[in-house]
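Structure first, then comments.
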Amino acid sequence: MRSMLYLLACHAAEEPVPAESSALTEPKPELSFRFAVLADPHVYSAEGEHRDRLRASVDWLNSQQDTIPLVILVGDIAWGDGLPAARAELDRLQVPWVPINGDNEVQLGSEEAYAATFADHYVRLAQELPDWQMGPVEVQNPEEGVLSWFHNVAFRFEGLRFLGLDWASRKIDPLLGETGMLHDFPGGTYPWFEEQLSATEGDDPESVVLFSHIPMHPSPGGFDVEKNAKIQALIKPYGDRVWADLAGHYHVTADEPVEGGYHLYVTDAVWDDSLDIRLVDASFDGWKWSFVTEITTLPFP
């Protein structure tokens with residue numbers, strides 16, 4: 001009995017563990033870096049408001065270069081006489097900037113001209129960004145019976161894997177030209193994307209960031225039901241690694257969860273109404289990544 005009382009007394013003397021103490025051992029995310037997303041500058045002439053809006057965006061980003069070390073451009077950047085003008089403005093950026101084309105570079109301009117305008121910049125990015133890769137650029141397109149110039153890119157930045165995807169239609173058409181196409185043929189976007197996703201084995205949770213001009217979800221301006229189902233089925237096994245698709249095209253700000261396990265964030269166009277830039281804070285807790293995204297509206301004019 002005496003030994004039993006002793007054990008009970010010892011147990012009663014132990015300090016209760018506060019319920020909140022378990023939270024003290026949980027890792028806390030620390031901000032790793034911030035990056036910016038620009039959508040749809042639509043620079044189509046050497047001078048004019050569209051170029052002025054892009055110039056204002058570049059000026060502001062340069063003023064923030066100490067806190068924003070990376071800029072992503074999600075298509076419909078420029079075409080025609082606007083290509084050299086847009087390139088001149090973007091070359092003023094003081095941090096790495098990664099462009100992909102949109103549908104307007106194809107439908108209203110020349111995808112070959114876009115490829116030529118930015119070719120040396122992609123070469124420079126290969127020197128600036130770790131693990132830089134590009135899919136085949138000049139590709140025979142069996143669906144349209146023409147040469148196509150694709151811009152699918154992959155790189156790492158501060159531990160995150162970025163995949164830029166060119167889903168823009170190569171069918172010159174006022175309706176079908178606005179929708180996403182898989183380009184599921186040798187050298188096309190879909191097989192390259194499949195290969196890149198398979199390479200994420202062992203990556204940290206939520207550490208893959210997709211960006212595309214065409215939003216990766218089902219809608220009249222995104223993908224039709226059949227193509228969307230194929231994309232979602234491809235991404236779903238990697239859903240714990242893929243955080244989001246950052247897109248443009250719609251000229252609005254929107255976000256929604258997507259069936260494949262990631263989130264879609266659409267950024268409003270630079271060229272019309274308010275001049276918006278999406279900022280993304282990327283944080284890491286030692287195990288997984290987390291993100292906070294917000295829209296910054298710049299004064300213009």
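As the structure is a prediction and not an experimental result, all values here were calculated from the model. Along the sequence shown, the residues carry numbers beginning at 1.
- No hydrogens or angles considered: a donor-acceptor pair under 3.5 Å links the side chains of S219 and Y250.
- One hydrophobic cluster holds both V270 and I77 under the rule that ILVMFWY side chains link at heavy-atom gaps under 4.5 Å.
- Under the 6.0 Å cut-off for aromatic ring centres, H42 and Y44 do not qualify, their centroids lying 6.0 Å or more apart.
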Just distance, no hydrogens or angles: give the donor-acceptor pairs under 3.5 Å from side chains in residues 291-301, sequence neighbours left out.
from : atom 1 : to   : atom 2 : distance (Å)
T293 : OG1    : R278 : NH1    : 2.9
T293 : OG1    : L279 : O      : 3.4
T297 : OG1    : D276 : OD1    : 2.7

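- Scored by the ring pair (Phe, Tyr, Trp, His ring centres under 6.0 Å) test, H121 finds W97 as partners (sequence neighbours excluded).
- Remark: the H213 side chain and the H249 side chain contain an N/O donor-acceptor pair separated by less than 3.5 Å.
- Separation of the F118 and W149 ring centroids does not fall under the 6.0 Å cut-off.
- Ring centroid separation for the pair W192 and F150 does not come in under the 6.0 Å cut-off.
- The six-membered or imidazole ring of F157 lies near that of F33, with a centre-to-centre distance under 6.0 Å.
- With no hydrogens or angles considered, no side-chain donor-acceptor pair links D166 and N152 at under 3.5 Å.
- For the pair E30 (side chain) and D285 (backbone), a donor-acceptor distance under 3.5 Å is absent.
- Inspection of the S212 and D245 side chains reveals an N or O donor paired with an N or O acceptor under 3.5 Å.
- Q107 and E178 share no donor-acceptor pair across their side chains, judged by distance under 3.5 Å alone.
- Remark: R241 engages E201 in a salt bridge, criterion side-chain N to carboxylate O under 4.0 Å.
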